[in-house]
Amino acid sequence: MTESSIKILRNALAAIPPMTLGSVIRDRRERRSISHSEFADVIGCSIETLAEIEAGQSQPTETQMDRISAELSIARHLLDEISSAPKSH
């Protein structure tokens, strides 16, 4: 691989936003066509709190993480790994 190819690849990777817990929750919720209000009810929080979780401004409680895992069919340990992952590339 040439030096210019490596540079192009690095620039492309840098442009990909990091996967965050909030982005995973939002993506899976939207793919399942679950509204904000319905999902907030299921996990036991307000719509505002859900928006903060999806924006990465707040972390769900342990109980909410369990409910998110069940509702979105994502293994709890994967949510924990995503939640604790570094925020940058």
Side-chain angles (χ1 to χ4, degrees):
M1 189 175 275
T2 67
E3 191 65 34
S4 64
S5 296
I6 293 171
K7 186 176 180 178
I8 290 169
L9 183 57
R10 282 187 183 143
N11 288 338
L13 288 173
I16 299 171
M19 182 174 59
T20 64
L21 180 62
S23 66
V24 169
I25 293 168
R26 180 180 51 248
D27 180 66
R28 185 65 68 97
R29 178 184 60 74
E30 289 175 348
R31 287 175 186 252
R32 291 180 172 228
S33 300
I34 304 170
S35 70
H36 269 108
S37 61
E38 180 183 356
F39 196 67
D41 284 344
V42 167
I43 68 168
C45 70
S46 68
I47 295 170
E48 293 79 11
T49 298
L50 175 58
E52 290 173 0
I53 291 169
E54 290 185 347
Q57 299 168 346
S58 180
Q59 290 292 314
T61 66
E62 292 297 315
T63 300
Q64 290 167 344
M65 286 284 275
D66 290 337
R67 292 174 180 169
I68 290 165
S69 172
E71 183 68 18
L72 299 180
S73 300
I74 303 173
R76 173 62 197 263
H77 74 276
L78 293 177
L79 291 175
D80 291 336
E81 286 180 27
I82 295 165
S83 179
S84 64
K87 303 300 185 228
S88 61
H89 291 288

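Side chains included, hydrogens not; waters and symmetry mates left out as well; all remaining heavy atoms used.
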* Asked: Distance-only, no hydrogens or angles: does the S84 side chain make a donor-acceptor pair with backbone N or O of D80 under 3.5 Å?
  -> yes
* To do: Determine yes or no for a side-chain-to-main-chain donor-acceptor pair under 3.5 angstrom, with R26 supplying the side chain and E54 the backbone.
  => yes
Decide yes or no for [X] and [Y]: does some side-chain heavy atom of the first lie under 4.5 Å from some side-chain heavy atom of the second?
| X | Y | result |
| --- | --- | --- |
| I43 | T49 | no |
| P60 | L21 | yes |
| E38 | R29 | no |
| I74 | I68 | no |

[X] side, atom [atom1]; [Y] side, atom [atom2] - distance, nearest 0.5 Å:
| X | Y | atom1 | atom2 | value |
| --- | --- | --- | --- | --- |
| I34 | D41 | CD1 | CG | 12.0 Å |
| H36 | E48 | NE2 | CD | 10.0 Å |
| S69 | I25 | OG | CD1 | 10.5 Å |
| E52 | C45 | CD | SG | 9.5 Å |

Kindly give the heavy-atom pair with the smallest separation between [X] and [Y], and that separation in Å.
| X | Y | result |
| --- | --- | --- |
| G44 | R67 | CA-NH1, 3.7 Å |
| S37 | I47 | CB-CD1, 3.7 Å |
| R28 | S73 | NH1-O, 3.5 Å |

* Taking only residues two or more places apart in sequence or in another chain, which ones pass side-chain hydrogen bond (donor to acceptor under 3.5 Å, both in side chains) with T63? -> none
* State plainly whether one hydrophobic cluster holds both I53 and M19, where clusters connect Ile, Leu, Val, Met, Phe, Trp and Tyr through side-chain heavy atoms under 4.5 angstrom apart. => yes
* Yes or no on side-chain contact (heavy atoms from CB on, under 4.5 Å) for L72 and V24, after CA distance, side-chain angles and deciding distance? -> CA-CA 10 Å; L72 299 180; V24 169; over 6 Å; no
* To do: Check the surroundings of atom CD in E3: do more than 12 heavy atoms from other residues, nucleotides or ligands lie under 6.0 Å from it?
  => no
* Should we say atom CZ of R10 is surrounded by more than 12 heavy atoms from elsewhere, each under 6.0 Å from it? -> no
